[in-house]
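Throughout, protein chains are lettered first and strands after them, A, B, ... in sequence-line order, and every chain is numbered starting at 1.
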Amino acid sequence: MRPVNFLDGLNPQQQRAVTAGLGPVLVLAGPGSGKTRVLTQRVAYLIGAMGVRPYQILAVTFTNKAAREMEGRVIGLLGESARGVTLGTFHAICARILRREAEHLPLDSNFVIFDDDDQHSLVRRAISELNLDEKIYRPQAIHGSISNAKNELLLPDEYPVQTYRDEVVKRVYVRYQQMLLANNAVDFDDLLLYTAKLLEENQVVREKYARRYEHVLVDEFQDTNQAQYSLLKHLASFHNNIFAVGDADQSIYRWRGADYRNVLRFEQDYPATQVVLLEQNYRSTQRILDIAMAVIDRNPHRKRKHLFTDRGEGVKTFLHQAYDDRAEAAFVVDTIATLIGRKQAQPGDFAAMYRTNAQSRLLEEAFLHAGLPYKLVGAQRFYGRREVKDVLAYLRLVHNPNDEFSLGRTINTPARGIGDKTLQVLRTQAQKLNLSPGGLLLRLPREAETHREAFTARALSALVGFGDKLSSWSAQAGELSPLHLLDRILSDTDYHSYIDDGTEEGHDRWENVMELRRLAAEYQERSLNEFLEDVALVSDQDTLEASANVPTLLTLHAAKGLEFPIVFIIGLNDGTLPHSRSFEDPEAMQEERRLLYVGITRAKDRLYLVNAQNRSTYGYGEPADPSRFLDDIPAELIEESSPDRPAYRSQPASSNRTWSGSSGATRWQSSSQPRPQDSAPIIKQQFPPGSHVEHSTWGPGMVLNSRLMDNDEIVDIFFESVGLKRVAASLAKLKIREK
DNA sequence: GCATCGGATTTTTTT
DNA sequence: AATCCGATGC
């Protein structure tokens with residue numbers, strides 16, 4: 001092992017953290033304080049200076065990408081001999097443990113991890129099986145309750161019942177869990193739940209891992225939930241060397257059970273904890289830090305931190321109020337183009353952040369309109385696309401024929417004459433024979449005669465046809481690489497002609513399939529199992545390649561842990577940020593504030609805070625208030641950019657423009673064309689508040705409110721028949737009813 | 001069994 | 001605006 005100075009370039013606090021002795025260590029790390037660096041150096045220090053074997057180190061990161069980076073850096077410092085650290089997200093690490101320990105579980109080691117959609121449809125099926133009304137018991141909400149229970153390590157029979165709803169949730173939970181097991185499947189929460197329970201209840205297994213992992217390190221500790229916290233405790237229970245890094249102010253996953261109070265609990269549970277505070281910031285200018293502190297200091301019950309930097313004052317933060325959300329997006333794109341045009345920045349320097357995924361659409365349109373490239377993190381994620389899910393479902397089905405959901409997804413995609421009815425019969429038949437539907441399907445080709453009675457001739461031949469294909473794939477799955485299996489499936493199903501229907505969308509879809517194919521190609525040497533697992537556990541950030549020099553669009557949540565020279569935070573309106581769903585709940589409001597804090601502290605040099613005077617929620621635009629958080633920012637830190645007079649409308653795309661040679665970018669800076677509503681309205685109000693109207697389907701009603709917008713009249717009417725409705729006068733056939 | 005249409009409903013954040 | 005669901009017709 002080559003000699004390395006593990007403390008190179010570290011400040012005293014960082015050094016203390018890296019070289020902390022045995023026992024529990026808690027590093028409270030402000031944003032940009034070099035915590036990733038500390039974590040990496042700590043691992044290197046343990047191996048290189050303390051002689052710990054890599055195999056005996058466990059490091060939990062928030063994303064797979066962070067894990068890969070850490071491994072790369074440690075190996076960069078110490079060379080190949082440093083390989084072998086157990087590195088990954090909680091979910092990935094748990095999946096590995098569970099596969100190894102499957103004998104102690106009600107699962108086969110080749111269990112599948114159900115994604116969001118699978119989980120959702122499973123819950124829906126459980127609800128419908130229990131004859132409950134989906135309208136009243138929303139699958140999403142029920143699933144949320146189940147998920148919370150799992151994060152608190154509550155099994156179905158331990159689910160506390162206080163209300164009738166709890167009773168319902170419990171019944172669904174029981175059924176849901178049965179169904180998962182029947183499919184040899186787990187959901188995301190199960191990975192944590194099963195592992196935590198296993199370590200808790202099985203002393204032999206617990207000691208095996210606890211002895212092995214001499215050192216346990218965790219990043220983003222403030223975002224651990226109960227299950228994760230308990231996991232850590234068990235894993236560190238033998239050596240007690242637990243090294244946790246976190247920042248309570250950056251806790252933004254409360255809604256999925258994360259509890260920043262785990263930071264406080266840590267000090268209680270481990271009284272001997274050495275605490276290290278990292279306050280010096282190496283990322284942002286002082287003015288940006290001052291804004292961040294002004295925002296976060298309003299949260300009660302927190303340890304005040306004083307963030308400082310030697311990067312200098314920097315420029316003031318820009319506050320821009322756009323006319324509406326379209327103009328907001330246009331402002332972002334225009335500003336980016338201008339700065340690039342002036343050679344003050346490169347395209348890859350920019351990020352635009354927002355509260356909800358839906359907000360990305362207008363931004364995308366603005367970029368598209370300008371003909372400029374961008375990259376989007378998350379949203380309709382790659383793995384969420386229909387075509388990608390189809391192909392993965394085929395692979396999953398081959399891997400695990402008991403997976404009913406993959407069967408359901410693939411059996412008639414592309415259409416091969418197997419509808420709901422036939423599938424239903426297949427299910428009942430399978431149940432009679434004590435088989436899974438997939439299991440029966442595999443036998444069907446050989447045993448067709450036996451099942452003549454159950455199916456119609458047409459259905460049977462369709463099923464036999466598919467069963468044939470499936471068993472031939474299964475037979476070859478062992479020999480073929482994931483890539484070749486995928487190719488076989490694509491050609492056997494003629495998937496290309498099914499998905500690529502000649503439209504542009506079809507073409508894009510096929511491109512996505514090809515992208516998946518490229519990913520599979522990286523698994524030549526590895527098993528189908530590994531491919532499927534990695535795919536199931538990728539996070540949004542994992543898919544973010546650093547290479548492309550283009551602006552990044554992402555949610556504030558996805559921005560955690562990242563940094564950009566120039567950051568736009570858009571949608572700074574009450575109702576959006578803070579989100580209206582949080583208004584009622586003070587804890588949730590504090591989290592909204594932390595979310596903004598995370599966003600602000602991503603910026604290195606320049607920060608733009610943007611909001612809109614009007615914002616469209618469902619269909620129509622509505623006036624919106626500026627975010628209350630803006631009130632907390634001292635005026636001297638802000639430079640208000642000119643109010644949004646020109647109606648930003650990016651020029652039509654000048655075809656295939658890219659960021660390279662961006663000198664021309666300023667050309668398409670907004671040429672202002674006043675919007676209709678800037679000049680005199682073209683239409684007149686016809687239905688003033690108080691007027692009585694008649695609607696063709698809803699009958700009589702009274703106008704409560706009416707305003708002119710986008711060349712239309714938007715009217716809120718209270719109907720005797722259906723109550724309050726909002727209609728556009730141009731669409732609804734409204735008549736004034738004389739009194 | 002499947003495609004199409006219209007209406008209702010939707011939006012918080014994610015491994 | 002976009003998706004999802006159920007009803008309808010072929």
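- The residue A/R594 sits apart from the nucleic acid: no heavy atom pair falls under 4.0 Å.
- Here A/N412 lies in heavy-atom contact (under 4.0 Å) with sugar-phosphate atoms only.
- In the set B/dT13, B/dT15, C/dA2, the nucleotide with an atom closest to the side chain of A/F188 is B/dT15.
- Checking B/dT15, B/dT11, B/dG1 against every side-chain atom of A/T422, the shortest atom distance belongs to B/dG1.
- A 6.0 Å sphere centred on CD of A/E584 holds no more than 12 heavy atoms belonging to other residues, nucleotides or ligands.
- Across all non-hydrogen atoms, the minimal contact from A/H120 to A/P139 is CE1-CB, 3.7 Å.
- Each salt bridge (Lys or Arg N to Asp or Glu O under 4.0 Å) pair with one or both residues in residues 405-414 of chain A, not counting sequence neighbours, appears once here: A/D390-A/R409.
- Contact check of residues 568-584 of chain A against DNA chain B (heavy atom, cut-off under 4.0 Å) returns A/H579, A/R581.
- Using a 4.0 Å heavy-atom distance criterion, A/R124 is classed as a sugar-phosphate-only contact.
- Counting heavy-atom neighbours within 6.0 Å of A/R458 CZ, excluding the residue itself, gives a total of 12 or less.
- Remark: A/T555 is in phosphate contact with B/dT14, judged by side-chain N or O atoms under 4.0 Å from OP1 or OP2.
- In the region residues 248-258 of chain A, proximity to DNA chain B at under 4.0 angstrom, judged on heavy atoms, holds for A/Y253, A/W255, A/R256.
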